[in-house]
Amino acid sequence: MIRLFDSLKSEVRPLDLREPGKVSMYVCGPTVYGLPHMGHGRFTLVWDVLRRWLTFQGYEVNFVSNITDIDDKIINLAAAQGTSEVVVASQYEQEWWKAMAKIGVAHPTSSPHATEYVPQMVALIEELVAKDIAYPLSDGMYFDTSRVADYGALAGQPLDSLRAGARVETMEEKRSPLDFALWKKAKPGEPTWPASFGDGRPGWHTECVVMSLGLLGEDFDLHCGGLDLKFPHHENERAQSIAAGHPFARHWAHNGFVMVEGEKMSKSLGNFTSLTDLLERTDARAYRLLVLRSHYRSPIEVSPATIEDAERALERLDSLARRFGLDQLAGDTFVTTSHLPTGASAGELAQSVTEFLEDDLNTPLAVAALFEAVSQANGLADEGRAVEAQPLAEAINTLFGALGLTLNSHGGEIDAESAEIVRLRDEARAAKNWAEADRLRDSLVKLGWIVEDSSSGTVIRR
RNA sequence: GGCGGCGUGGCCGAGCGGUUAGGCAGGGGCCUGCAAAGCCCUCCACUCCGGUUCGAAUCCGGACGCCGCCUCCA
């Protein structure tokens with residue numbers, strides 16, 4: 001079984017499943033009030049890779065990731081645009097799924113919306129009220145953090161030191177600056193839902209609790225998200241669930257940030273690149289490869305240079321796919337071990353990749369092993385040892401596919417005119433008419449083709 | 001102020017005491033009519049100062065620099 005760093009226990013430990021063979025995982029999704037940015041791209045890719053890898057290994061993965069469709073920012077944006085929250089949320093949710101499809105992130109098993117779970121949130125808050133853990137203030141219901149013995153466990157510090165570090169005192173009335181809003185009382189013109197403790201709308205943290213427990217059940221296996229959600233968001237989710245008497249996630253995993261020139265990319269700093277923009281101008285696979293080449297807990301530097309670097313590396317993989325006529329895997333389908341070819345070299349490669357990934361999802365080492373295998377397969381083929389090279393190339397394809405990276409063996413549709421030039425060039429080459437052959441190659445290049453000679457003649461691709 | 005992390009070759013990025021990951025870029029060679037692709041070889045490292053050790057990028061101490069969380073954030 002894979003070993004992962006558990007943010008709660010601060011150690012790498014085997015993923016301890018509630019039920020053998022089945023993985024229940026929850027990934028905190030986006031609040032839909034803007035285009036997805038590179039940070040969103042990273043977390044979705046990282047957890048998509050884990051999901052695909054577990055599926056590859058034969059686990060049945062129940063992957064839940066929410067859409068937060070009600071929140072202050074959505075309300076503010078709707079007001080600014082003179083439209084409704086529903087319109088804003090659905091518009092950006094569409095953008096979200098478009099980007100996800102493009103980047104090859106498989107759709108979650110379930111993608112619940114916060115607004116579909118309001119009654120459950122109300123019920124949870126009622127449980128907390130009954131236990132005297134929630135208390136009312138003028139503007140809503142608050143959670144009393146002092147009532148949870150190990151509050152601060154995820155943050156890695158005791159409650160007292162967190163309180164001492166509180167930088168801003170937003171609500172003087174709160175018993176502790178760390179106490180957070182479970183429910184916000186209705187304000188004129190804002191969306192509102194009925195509740196026994198006063199109509200209003202939910203605070204942020206409660207939704208993930210009821211959606212994860214509702215779809216995965218108590219004591220589910222793994223809760224994932226960006227490092228910036230660890231505290232306070234995840235701490236507050238955990239606190240609520242446990243305080244209400246519901247065992248929560250068995251394991252917590254957090255991915256590192258996307259950095260721009262050494263600083264965390266974030267909306268508040270304004271230094272973000274939208275994922276939508278990136279996907280319009282580059283091969284979506286380049287970002288996945290970039291993410292795979294660094295460890296999921298490390299920060300990654302994203303810049304035009306690092307993206308181009310990944311695009312070039314991708315070229316090498318695509319060359320392999322063309323040379324060996326590899327099938328295009330991944331995409332919407334999940335690759336499984338049944339896709340692996342038989343044979344010793346394929347088995348050895350799969351085994352070393354597996355060992356690396358099982359050690360806290362060490363994708364950089366796995367990718368390095370795969371690239372080494374690429375050299376090996378090409379070398380064998382150069383020596384004419386196709387029987388050995390072919391299964392190795394197929395194993396590389398399968399294992400990249402298991403990580404969601406599709407190798408592209410198609411050079412593009414060849415139109416009739418280009419095909420005719422290719423035919424003429426092969427004739428010229430057969431006649432050793434090099435000047436004509438070079439002239440025809442130039443015209444192909446002008447048409448946008450990359451021209452390569454092979455044993456079977458001129459091969460062109462885009 | 002509290003807590004946590006980081007400083008690796010031209011760039012990205014692994015590494016967890018002994019083996020100069022891997023990719024991209026650069027140089028040389030092989031292959032090719034010439035190219036391209038591919039293969040082989042190669043240049044270029046571990047912020048600094050002490051210490052532990054037969055041996056340290058890796059462990060310990062210190063210095064400097066950087067980053068994150070403690071506030072909405074993936």
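Atom set for the values below is all heavy atoms of this structure, side chains included, hydrogens, waters and symmetry mates excluded. To find a chain, count down the sequence lines: A is the first, B the second, and so on, and within it residues start at 1. Because the structure is a prediction, the values reported are computed rather than measured.
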Measuring only the [atom1] atom in each nucleotide, how far is [N] from [M]? A whole number of Å is fine.
N	M	atom1	result
B:C6	B:U47	C1'	12 Å
B:C40	B:C31	C1'	11 Å
B:G23	B:C41	P	12 Å
B:A45	B:C60	C1'	23 Å
B:U19	B:C46	P	15 Å
B:C16	B:G2	C1'	28 Å
B:C24	B:G13	C1'	11 Å
B:G61	B:C3	P	15 Å

*Step through it carefully: locate the ring centre of A:His234, locate the ring centre of A:His205, and say whether they are under 6.0 Å apart.*
no
Determine the contact category for [X]: base if any of its heavy atoms lies under 4.0 Å from a base atom, sugar-phosphate if only primed atoms, P, OP1 or OP2 are that close, otherwise nothing.
X	answer
A:Asn362	sugar-phosphate
A:Ala305	nothing
A:His295	sugar-phosphate
A:Lys73	base
A:Glu372	sugar-phosphate
A:Arg323	sugar-phosphate
A:Lys432	nothing
A:Arg312	sugar-phosphate
A:Ile300	sugar-phosphate
A:Gly41	nothing
A:Glu452	base
A:Ser303	nothing
A:Asn378	sugar-phosphate
A:Arg425	base

It should be established whether [X] places a side-chain nitrogen or oxygen under 4.0 Å from OP1 or OP2 of nucleotide [N].
X	N	value
A:Lys230	B:G4	no
A:Ser298	B:A14	yes
A:Ser294	B:G13	no

Could you check how far [atom1] of [X] sits from [atom2] of [N], rounded to whole Å?
X	N	atom1	atom2	result
A:Arg297	B:G13	CZ	P	16 Å
A:Leu292	B:G23	CG	P	15 Å
A:Leu289	B:G22	CG	P	16 Å
A:Phe400	B:G22	CZ	P	14 Å
A:Arg288	B:C12	CZ	P	24 Å
A:Glu301	B:C12	CD	C1'	9 Å
A:Leu320	B:A36	CG	C1'	16 Å

*Kindly determine whether A:Trp183 and A:Tyr142 satisfy ring pair (Phe, Tyr, Trp, His ring centres under 6.0 Å), including the steps that lead there.*
CA-CA 7 Å; A:Trp183 189 258; A:Tyr142 284 78; over 10 Å; no
*If you count the non-hydrogen atoms of other residues, nucleotides and ligands that lie under 6.0 Å from CD in A:Glu413, is the total more than 12?*
no
*For atom NZ of A:Lys9, decide whether the heavy atoms of other residues, nucleotides or ligands shown that lie under 6.0 angstrom number more than 12.*
no
_Can you work out whether A:Gln376 or A:Asp71 has the more 5'-proximal nearest nucleotide on RNA chain B?_
A:Gln376
_Nearest-nucleotide comparison on RNA chain B, the residue closer to the 5′ end among A:Thr306 and A:Val258_ =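 Mapping each residue to its closest nucleotide by heavy atoms, the 5'-most match is A:Thr306.
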With the side chain of [X] defined as its heavy atoms from C-beta on, choose the nearest nucleotide among [options].
X	options	value
A:Trp434	B:A74, B:C39, B:G33	B:G33
A:Ala313	B:G23, B:A74, B:C34	B:G23
A:Arg316	B:C39, B:A21, B:A74	B:C39
A:Ser319	B:G13, B:A37, B:A74	B:A37
A:Ser375	B:G23, B:C12, B:A74	B:G23
A:Pro232	B:C12, B:G23, B:C72	B:C72
A:Glu263	B:G68, B:G13, B:G15	B:G68

With a 3.5 Å cut-off and heavy atoms only, can you find an N or O donor on one side and an acceptor on the other between the side chain of [X] and the base of [N]?
X	N	result
A:Arg441	B:C34	yes
A:Asp228	B:G68	no
A:Asp453	B:C34	yes

*Side chains of A:Trp96 and A:His40: does their closest heavy-atom pair fall under 4.5 Å?*
yes
*So how far is it from A:Thr115 OG1 to A:Asp69 CG, rounded to the nearest 0.5 Å?*
3.5 Å
*Parallel, tilted or perpendicular, as decided by the 30° and 60° cut-offs, for the rings of A:Trp47 and A:Tyr296*: perpendicular
_Just by distance, no angles: are the side chains of A:Glu355 and A:Gln351 close enough, under 3.5 Å, to form a donor-acceptor pair?_
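Their side chains do contain a donor-acceptor pair, which is all the 3.5 Å distance test asks for.
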_For a quick check under 3.5 Å, do A:Ser7 and A:His254 share a side-chain donor-acceptor pair by atom type?_
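Checked: A:Ser7/A:His254 side chains pair up, N/O donor to acceptor below 3.5 Å.
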